[in-house]
Student: 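Okay, here's the structure, questions in a sec.
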Amino acid sequence: MSQVNWQIFTERDACSKALAQALAKQLQAPGLVFLPGGSTPKLMLTQLAQQPTVDWSQVVVSATDERWVAADAESSNFALLSQALPAAQHLDPRQQQSTPEQAVVCWQRAISQQLPSRATVLGMGEDGHFASLFPGMPNLDLVLNSQLPVAGVVATAPSEPKVRLSLNLTAYYQTNWLAVLIFGESKKAILEQALAGNQQLPISHFIQQSPLPITIYWAP
């Protein structure tokens, strides 16, 4: 198992600010950064946009995963990141394709030209999923095999919108720096189960196989 470093805070704002500052240090050179969507990173993204040392014109931002919805939909991670970091370059996982199968192939090609990324930040759900890689998903064992080449993945969520765009484990490991951002006692307990080796949790495979140290940012 890789080295896991906990950064524990009493307030979500302080946790988000610390992660934003750590990310800013990683983004001192041009390159790609993977960032999560959803509600958890919103505070962090606000802080990140204010970091004075980042030249956003030289940074390419990609969501770690995306819902198969319109690019400007309220639930789109691409829309969230584009609005939060307007000065950056943004890579849309949809790649202007008409099917998710075509989109993930084109997305994988686009990011492969920029790997390794400068940094990768992941979130985690209550069921231990990350980047739309859910427990029980078809072909999950292949997606979580870090010995396979970088690949795009059409993922399946248990709730709508069920069709998701994601990447395999290898893609997230092609980076210079790895972090996980979670809030709440329940998610902390899930992550502790993953650290203990619960193989039913996709995040456990991410932690167990990682070739790099992982920093976990947590607040209640």
Side-chain angles (χ1 to χ4, degrees), residues 6-27 31-57 59-94 117-134 155 157-161 164-167 172 175 177-191 202-203 206 214-220:
W6 284 87
Q7 296 290 317
I8 295 177
F9 300 84
T10 57
E11 300 291 338
R12 295 184 179 187
D13 187 68
C15 180
S16 298
K17 184 176 182 179
L19 176 51
Q21 291 173 338
L23 266 174
K25 292 179 181 179
Q26 301 299 321
L27 299 178
L32 172 70
V33 58
F34 282 110
L35 297 173
S39 60
T40 298
K42 287 184 178 179
L43 282 171
M44 185 274 291
L45 293 172
T46 299
Q47 296 278 0
L48 184 59
Q50 298 170 358
Q51 296 300 309
T53 60
V54 181
D55 180 357
W56 288 108
S57 67
V59 177
V60 178
V61 175
S62 176
T64 56
D65 59 306
E66 180 60 294
R67 298 168 177 87
W68 187 246
V69 294
D72 59 355
E74 185 177 350
S75 60
S76 165
N77 290 339
F78 172 76
L80 171 70
L81 296 173
S82 298
Q83 292 163 14
L85 303 169
Q89 303 175 56
H90 288 272
L91 200 163
D92 185 356
R94 274 163 287 269
S117 64
R118 299 295 304 168
T120 294
V121 180
L122 295 170
M124 186 196 73
E126 298 281 357
D127 57 359
H129 86 265
F130 68 95
S132 288
L133 304 181
F134 292 89
S159 59
E160 296 293 343
R164 307 290 178 96
L165 309 180
S166 190
L167 298 164
Y172 302 115
T175 189
W177 189 77
L178 279 173
V180 176
L181 173 64
I182 56 170
F183 292 149
E185 294 290 349
S186 60
K187 286 190 177 182
K188 184 172 183 282
I190 290 293
L191 201 50
I203 194 70
F206 169 76
I214 301 169
T215 305
I216 299 169
Y217 288 80
W218 177 81

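From a predicted model like this one, the values you see are computed outputs, not experimental measurements. Excluded from the calculations below are hydrogen atoms, water molecules and symmetry mates; all remaining heavy atoms, backbone and side chain alike, are included.
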Student: What's the shortest heavy-atom distance between Leu43 and Ser16, and which atoms?
Tutor: CB-OG, 3.3 Å

Student: To check you understand the geometry: which heavy-atom pair defines the closest contact between Gln51 and Gln47, and what is its length?
Tutor: NE2-O, 3.2 Å

Student: Leu133 versus Phe206: any side-chain heavy-atom pair under 4.5 Å?
Tutor: no

Student: Return yes if some donor-acceptor pair links the side-chain N/O of Glu66 with the main-chain N/O of Leu165 below 3.5 Å, else return no.
Tutor: no

Student: Determine whether Trp218 and Leu191 make a side-chain contact, defined as any pair of heavy atoms from C-beta on separated by less than 4.5 Å.
Tutor: no

Student: Report all side-chain donor-acceptor pairs from residues 180-189 shorter than 3.5 Å, counting only partners two or more places apart or in another chain.
Tutor:
from   : atom 1 : to     : atom 2 : distance (Å)
Ser186 : OG     : Glu126 : OE1    : 3.0
Ser186 : OG     : Glu126 : OE2    : 3.0
Lys187 : NZ     : Met124 : O      : 2.8
Lys188 : NZ     : Glu192 : OE2    : 2.9

Student: Please list, chain by chain and in numerical order, all residues satisfying side chain to side chain contact (heavy atoms under 4.5 Å, CB included) with Thr46, sequence neighbours excluded.
Tutor: Gln50

Student: Measure the spacing between CD1 of Ile214 and CG of Leu122 and express it to the nearest 0.5 Å.
Tutor: 8.5 Å

Student: Looking at side-chain heavy atoms only, is the closest gap between Trp68 and Pro161 below 4.5 Å?
Tutor: no

Student: Distance check, rounded to the nearest 0.5 Å: Leu32 atom CG versus Thr120 atom OG1?
Tutor: 7.0 Å

Student: Taking all non-hydrogen atoms of both residues, which atom of Ala119 and which atom of Leu23 are closest, and how far apart?
Tutor: CB-CD2, 3.6 Å

Student: Looking only at heavy atoms, what is the nearest atom pair of Ala18 and Tyr217, with distance?
Tutor: C-CE2, 4.0 Å

Student: OG/Ser132 to CG/Leu167 distance, rounded to the nearest 0.5 angstrom?
Tutor: 10.5 Å

Student: Side chain to side chain contact (heavy atoms under 4.5 Å, CB included) with Arg118: which residues, sequence neighbours excluded?
Tutor: Leu27, Ala29, Asn176

Student: Tell me if a side-chain donor or acceptor on Ser76 pairs with a main-chain N or O of Ala79 at a distance below 3.5 Å.
Tutor: yes

Student: Between Thr175 and Ser117, is there a donor-acceptor pair closer than 3.5 Å when you use the side chain of the first and the backbone of the second?
Tutor: yes

Student: Can I get a per-line list of side-chain donor-acceptor pairs under 3.5 Å for residues 80-92, giving both atom names and the distance, sequence neighbours left out?
Tutor:
from  : atom 1 : to    : atom 2 : distance (Å)
Ser82 : OG     : Phe78 : O      : 2.7
Gln89 : NE2    : Ser57 : O      : 2.8
His90 : NE2    : Leu85 : O      : 2.7
Asp92 : OD1    : Arg94 : N      : 3.0
Asp92 : OD1    : Arg94 : NE     : 3.1
Asp92 : OD1    : Arg94 : NH2    : 3.3
Asp92 : OD2    : Arg94 : NE     : 3.4

Student: At their closest point, which heavy atom of Pro220 faces which heavy atom of Phe9, and how far apart are they?
Tutor: CD-O, 3.1 Å

Student: Quick one: are Phe134 and Arg164 in side-chain contact, heavy atoms under 4.5 Å?
Tutor: yes

Student: Name all pairs fulfilling the salt bridge (charged side-chain N to carboxylate O under 4.0 Å, His left out) condition that reach into residues 7-23, sequence neighbours left out, sorted by first residue then second.
Tutor: none

Student: My understanding is that only residues two or more places apart in sequence, or in another chain, count here; which of them pass side-chain hydrogen bond (donor to acceptor under 3.5 Å, both in side chains) with Ser166?
Tutor: Tyr172

